[in-house]
Amino acid sequence: MQPSLFPSPGVSPAPSPVNRQVLNASQFEAATTVDGPVLVIAGAGSGKTRTLVYRVAHLVESGVAPEKILLLTFTRKAAEEMLSRASGLLNDSVRHVTGGTFHAVANKLLRRHGAGLGFAPNFTILDQGDAEGIINLIKSSLGLGAAGKRFPNKHTIVAVLSKSVNRSMALADLLDDQYPHLADFAGDLRRINEDYRKFKLEHGLMDYDDLLVNWQRLLSDEFDLRPTIAGLFSHIMVDEYQDTNQIQAAIVRGMALDHHNVMVVGDDAQSIYSFRGADFRNIMDFPAIFPHTRIIRLEENYRSTQPILSLTNGIIAQATEKYTKQLFSTITEGEPPVIHGARDEAGQARFVVDRITALHRQGIPLSDIAVLFRSGFHSYKLELELTNRQIPFEKRGGLKLTESAHVKDVIAYLRVVTNPADRLSWNRILLLLDKVGPKTARLVLDAVRGAEDPVAALKAYPAGPGWKKGLHGLADTLASLHDPGLAPSGQLDLLLEYYRPLFERIYYDDYPRRGSDLEHLRTILAGYDTLQHFIDDTALEPPQAATDGTADYGAGGDRLILSTIHSAKGLEWDTVFVIHLAEGAFPSPQSFQPEQREEERRLLYVAATRAKQRLYLTYPREIMAVDRSYHHGALTPFLADLPAGLYRAEGGGDFAAPGFADRCATPRFPASASRSRSPVRQQGGDADGFPVGTEVRHNFFGQGTVRAIAGPRTVEVFFPRHGVKTLHLDYAKLERLDP
DNA sequence: TGAGACGCTGTTTTT
DNA sequence: CAGCGTCTCA
């Protein structure tokens, strides 16, 4: 018998950052509590992953069957890593644990048990682009948004419909609350939603929300399946619980109802996904749903040095929500975080690359360094600089491989092979034929739909002389793809033979560039045993687009990581750069409501807490916009408001060099440097500059009237078209209209 | 009815 | 600057 991983706590409870095999007392308690509900409040870097890994191993070691354990994580990668580490601790039986995202597990369950809901096992998962495509079809079929008429675009419609699902709100209430300017469209949106629902059901399609909703339905009283589904697992763990929404919380409840053996782990200070319906209050509500919940706090940080933690504590301390944790580190020594103001974006890129080069020379591997940013496009300049200097990098977040038109084409062919009812994909591939437009495609589809053998029906269609050949070529190719002896990679090879000529005609101006994506696709497909799994993953775990030449440079080798902050969640690096921390870029200008701004603050907190040894926070002082005007960029208020002494200021010392303000194309506010700690901060204007009754203009809400002063820098404004909004003058671009 | 030119708009974050 | 939708011509 092997020695237990878990000697009694009395023997080895000592927290030791040196010997990381050992758990501290709280971690130990979390890892060894087998039965009953447990809520773990885990601060950043507090060893949460390690705790979960040990708990999985402990459950198995104490006799819980691995296939009875469910581990829900935020990404598939996280689940894979945890399970592989747990295997390392114990043995390979851990591999039978079910792990993955809510969406991936839902997919698995629904392919087995979705028949009762009216779904065949070969349903296709829609990504956001697919959903938008269908919405567009429906929109035009309903005659909405025809020329001259005002109607929300597909992107907005999908966002609204999805939010109403994920927030579990009626459409009317959501519009009222978040989109008052769309109130007039409520009726039409409801019609679109109803048609969308029917379309998906008829064509065997599920979007991301459906995966969750339908999992929840499996657990509802509507069907007799609850005991079966809930009986699949006896022990459930949920990571990143602060980023679950109400449906996910309901799923957890339904799955654990019979045994209450459920552990959720989260950190309310790191909740950054409310835009897709997440609500960190799920954490607070958990003990009410599961009585006698044991609450365990992990507050000791093993990741970062104390200087870095002091700064991140400072960032989160400014939040309006009061977070109870105050993290402390045992690593007291370390370099203070650096705030670097660069002259412009190019200067910022140079600074980052220079510093990385220097660190690399000191022996720090590139893969121990990450550059993080708010939005995908914030790294464009840096990517150029890295390419010039031949530094290999890998970009995470931002554009996905599957979002480019030519890759969507290829996937559409494969999708009709697995799901012949997928009308959206049929439509797409028919449109690729010369002389076939929307009208013809529709006629063909109507003839093919419902046919016993769609491919044969396709070939039998009385095509016009101009496109008969093309249609036959398509039908023959699809027929050959159905060969059961063919592996997915073989299917792709056959398909590409057919597609390449079309591809070169359609993308005649840049097909060489796009061609490398098709090669990339081949290597990805080689790793799959069934086409269905590949297609599922293109929606559930879309592969990143190859960045450029440098991507091949060190495949599997030492590469710098560039990532959006959202995609960096849960990860850590020795050295972290957070770039573009300029007012106007961070917080994102779209985030004007107070709760949204608070989430942006947490986002910066998440970014900064990724750093172990070194943290660099940079911003450009001058940003060139598309219209070639220069915009003055001050440091983000989240950092500018920090007490001095938490960081070292570089790049001139001041956060806004005098002189730049004069060149600012449109000064937003009269300079009032009086109150702010940093000398020349541009933003601001105190609330008393906007007395009650002042007419103001906001770049989104339009014209309005100040109704009340809510704080020293906060005003309440009534906008006739949007209602009353509370605006913080540090963030909202509020313009005073003189009578 | 399809193909192509032209003009407009708008750029978070992700399963 | 590109991706989308609209308009016009063949």
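Letters A, B, ... mirror the listed sequences (proteins, then strands); counts begin at 1.
In this entry the distance linking CZ of A/F377 with C1' of C/dC1 reads 13 Å, nearest Å. At whole-Å resolution of the value, CZ in A/F373 and P in B/dT13 are 10 Å apart. Atom NZ of A/K77 and atom P of B/dT14 are 14 Å apart (whole Å). In this structure, the CD1 atom of A/I135 is 13 Å from the P atom of C/dG5, given to the nearest Å. Between A/E132 atom CD and C/dG3 atom P the separation is 14 Å, expressed in whole Å. Taking atom CZ on A/F74 and atom P on B/dT13, their separation rounds to 15 Å, with Å as the unit. Atom CD1 in A/I157 sits roughly 11 Å away from atom P in C/dG5 (whole-Å rounding).
Contact annotation: A/N245 does not reach the phosphate of B/dT15 (side-chain N/O to OP1 or OP2, under 4.0 Å). Note on A/T75: every side-chain N or O is 4.0 Å or more away from OP1 and OP2 of B/dT15. Regarding contacts with the backbone of B/dT14, a side-chain N or O of A/T564 is found under 4.0 angstrom from either OP1 or OP2.
Each of A/H566 and A/T440 has a nearest nucleotide on DNA chain B; the 5'-most of these lies closest to A/T440. Nearest-nucleotide mapping onto DNA chain B: of A/L431 and A/E600, the residue sitting toward the 5' end is A/L431.
The side-chain tip of A/K395 does not point at the ring of A/F393 from less than 6.0 angstrom away and within 45° of straight on.
Which of C/dG5, B/dA3, B/dG2 sits closest to the side chain of A/D434 comes down to B/dA3. In this structure, the nucleotide among B/dT14, C/dC4, B/dT15 sitting nearest to the side chain of A/S567 is B/dT14.
Proximity of A/Y461 to A/L458: side-chain heavy atoms (C-beta onward) are nowhere separated by under 4.5 Å.
Residues A/K48 and A/E240 are paired through a salt bridge, judged by an N-O separation under 4.0 Å between the basic side chain and the carboxylate.
Within 6.0 Å of CZ in A/R514 there are more than 12 heavy atoms belonging to other residues, nucleotides or ligands.
Judged by ring centres under 5.5 Å apart and planes tilted less than 30 degrees, A/F275 fails to stack against the six-membered base ring of B/dT14.
Of the candidates A/R276, A/H566, A/Q248, A/K569, A/K569 is the only one forming a side chain to side chain donor-acceptor pair (under 3.5 Å) with A/D243.
Annotation: B/dT13 and C/dC4 have their P atoms spaced 16 Å apart (nearest Å).
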